[in-house]
Amino acid sequence: MGPGLLLLFIVGDILGTGIYALTGKVANEVGGAVWLPFLLAFLVAVITAFSYLELVTKYPQAAGAALYTHKAFGIHFLTYMVTFTVMSSGITSASTAARAFSANLVEAFDLDIRDGIGITGVGLTFMLAVALVNLRGVGESVKTNVVLTCVELSGLLIIIMIGMWALGIGQGDFSRVLDIDTGDRSVFGAVVAGTALAFFAMVGFEDSVNMAEECKNPSRTFPKVLLAGLGITGLIYVLVSVTAIALVPPGDLGSGDTPLLKVVEAGAPAFPVGIFAFITMFAVANTALINMLMASRLLYGMAREGVLPAALGRVHPARRTPYVAIVFTTLLAFGLITFVGEVPELGGTTALLLLIVFAIVNVAVLVLRRRPVEHQHFRAPTILPVLGAASCIFLVSPLVERPAAQYRIAAVLLGIGGVLWLITWLSAKRRGGRGPTVDPERPAQK
């Protein structure tokens, strides 16, 4: 894979539900300076990306955080929980996308189902459709990803062009971008809370490490391309958030789950809003499908490795898809959509789960410094993994005033993972075995 194709893959991995659904929710935290949390989230992501760059060029294998955790600490249960945390983040991300899809579908067709029950019903139907596609089997390729990236990117470029047009004709109030309205909270607390939520928009770059084996000369090419991809998406997010707040007051932007549709309506009334709604629906649908594919395959892989009940590793005799794992992950998504439903809690939980993983990866870099390899690889300045671990741990902590619901959702999901591990361990003990072990370096785990 050349650098151009790799760049599009990385940008496509990061773009998605976050910016389309959470811009208004971030505005609720900080007021007009909605771009600031996105910028800070970008900086935290870049710092952590340096740790990923060192590890992926040092160990260019397609197992990601699980591999780095296993090599650094060698604790099978920790490796398993990191893998299950990544899987859980995929389910919460897909559930966020389902909610955003529902809201945009209602707007596109002007449906009279704006209450919670109606939106939930649409979200469940959407997730069922994703499951059916997943059960049928979907072959994702890099070229397909390029097409999807262009569609997702087109919607954000439309927003940016509307902002440029508004600026040129004197429309909108661009002075709002410097206003910080935090209510009863301190500016620091509100900005940090907004950053913890906005971080959801920056996740996805960690998936690209799985493409390192496909790159030409990854030790030289991959770092430049990954940082370029992060830079492009960070710039797009800042421009979109500035445009959004200039054209729509923070209070209006933060109400509902279709913030960018409001921007189109305010800045370009003649533009067919339905078309933009379909672009948004396509973008978030793609996010949901990719994440549910990832989650079900991770669950299937862990079952095949013997660290989860064997039933989760069953495949359909005709379609050869892991149907039990797909049904299980879909039921978890149904539960999240039904009993949580709200975009901020689901998106925030996704960020929470991945920040935990990122903190472990940043520590793993420092641990693995003691184990050199024969080939040359990228080396991050030592201060960056330290800052990365500290910032991720801080954003995970209650100090950022993260809603308690996000901790409860994460605890329930990880508790399910712990119970599944325990069931497998007890079953192995009854058979006279040693219990489940995880080795992400084995081909089956990849």
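Position 1 is the first residue of the sequence; numbering continues from there. Predicted model, so just to flag it, every value in this text is computed and none were measured.
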Of V26, N28, I245, which is the lone residue that meets side-chain contact (heavy atoms from CB on, under 4.5 Å) with L253?
I245

Here the gap from E152 atom CD to I14 atom CD1, rounded to the nearest 0.5 Å, amounts to 11.5 Å

Is a side-chain N or O of S154 found less than 3.5 angstrom from the main chain of V151, in a donor-acceptor match?
yes

Closest non-hydrogen atoms of V82 and A66, given as atom of the first, atom of the second and distance, are CG1-N, 4.3 Å

In the structure I gave you, are the side-chain heavy atoms of R176 and D173 within less than 4.5 Å of one another anywhere?
yes

Could you check whether the rings of Y52 and Y68 sit parallel, tilted or perpendicular, using 30° and 60° as the cut-offs?
perpendicular

For the atom pair OG1 (T195) and CG (L36), what is the distance rounded to the nearest 0.5 Å?
6.5 Å

Minimum side-chain heavy-atom gap V240-F38 below 4.5 Å:
no

Once the angle between the rings of W421 and Y80 is folded into 0 to 90°, is it parallel (under 30°), tilted (30 to 60°) or perpendicular (over 60°)?
tilted

Do T69 and I75 come close enough that some side-chain heavy atom pair is under 4.5 Å?
no

Please assess L355 against T48 for the test side-chain contact (heavy atoms from CB on, under 4.5 Å), listing each intermediate value before the final yes or no.
CA-CA 10 Å; L355 282 166; T48 300; over 6 Å; no

Run the side-chain contact (heavy atoms from CB on, under 4.5 Å) test on F276 and L260 for me, step by step, so that the C-alpha distance in whole Å, both residues' side-chain angles and the decisive distance to 0.1 Å come before the verdict.
CA-CA 9 Å; F276 189 85; L260 297 190; 3.7 Å; yes

Does E29 use its side chain to pair, donor to acceptor, with the backbone of P37 at less than 3.5 Å?
no

Side chains of M294 and V86 in contact at under 4.5 Å (non-hydrogen atoms):
yes

Please find the pair of heavy atoms, one from P250 and one from G32, that lie closest to each other, and give the distance.
CG-N, 3.8 Å

Could you verify whether a donor N or O on one side chain and an acceptor N or O on the other, from T258 and N104, lie under 3.5 Å apart?
no

Measure from the side-chain N and O atoms of Y237 to the backbone N and O of A201, and report whether any donor-acceptor pair falls under 3.5 Å.
yes

From L156, T287, I159, residue fulfilling side-chain contact (heavy atoms from CB on, under 4.5 Å) relative to Y20
L156

With side-chain contact (heavy atoms from CB on, under 4.5 Å) as the test, would you mind laying out the steps for L153 and I236 before giving the verdict?
CA-CA 9 Å; L153 185 58; I236 290 172; 3.4 Å; yes

Decide yes or no for F200 and T96: does some side-chain heavy atom of the first lie under 4.5 Å from some side-chain heavy atom of the second?
yes

At their closest point, which heavy atom of A193 faces which heavy atom of R185, and how far apart are they?
CB-NH1, 3.5 Å

Measure the spacing between CD1 of I409 and OG of S88 and express it to the nearest 0.5 Å.
11.5 Å

Rounded to the nearest 0.5 Å, what's the gap from CD1 on I119 to CG on L124? Could you check?
11.5 Å

Assess the side chains of T382 and R369: does a donor N or O sit below 3.5 Å from an acceptor N or O?
yes

Within the 3.5 Å criterion, strictly below it, is a donor on N134 or R297 matched to an acceptor on the partner's side chain?
yes

Please tell me if the side chains of R370 and V367 come closer than 4.5 Å, counting only heavy atoms from C-beta onward.
yes

If I take atom CD1 from residue I158 and atom OG1 from residue T243, how far apart are they, to the nearest 0.5 angstrom?
12.5 Å

Roughly how far apart are I91 CD1 and F328 CZ, rounded to 0.5 Å?
7.5 Å

If the plane angle is over 60° it's perpendicular, under 30° parallel, otherwise tilted; pick one for F358 and F199.
perpendicular

Whether W35 side chain and L239 backbone form a donor-acceptor pair below 3.5 Å:
no

Taking side chain as C-beta onward, heavy atoms only, is F394 less than 4.5 Å from S397?
yes

Strictly distance-based, threshold 3.5 Å: is any side-chain N or O of K58 a donor or acceptor partner for the main-chain N or O of F378?
no

Tell me the closest heavy-atom pair linking T23 and A244, and the distance in Å.
CG2-CB, 4.2 Å

Verify, without hydrogens or angle tests, whether T92 (side chain) and S89 (backbone) share a donor-acceptor contact under 3.5 angstrom.
yes

Has R402 got a side-chain atom pairing as donor or acceptor with G348's backbone, closer than 3.5 angstrom?
yes

Any donor-acceptor pair under 3.5 Å from T321 side chain to L135 backbone
yes

Can you tell if the side chain of L227 reaches within under 4.5 Å of the side chain of L53, non-hydrogen atoms only?
yes

Among T338, V340, T350, L346, which residue satisfies the side-chain contact (heavy atoms from CB on, under 4.5 Å) criterion with S95?
L346

CA sep, side-chain torsions, deciding dist, call: F42, L235, side-chain contact (heavy atoms from CB on, under 4.5 Å)
CA-CA 9 Å; F42 161 75; L235 177 62; over 6 Å; no

I'd like to know if the side chain of E54 reaches the main chain of A380, judged simply by a donor and an acceptor atom lying under 3.5 Å from each other, with no hydrogens or angles considered.
yes

Nearest heavy atoms of A190 and V30, plus distance in Å
O-CG1, 3.6 Å

State, to 0.1 Å, how close M202 and T233 come at their nearest heavy-atom pair, and which atoms those are.
CE-OG1, 4.0 Å

S102 (side chain) donor-acceptor with G123 (main chain) under 3.5 angstrom:
yes

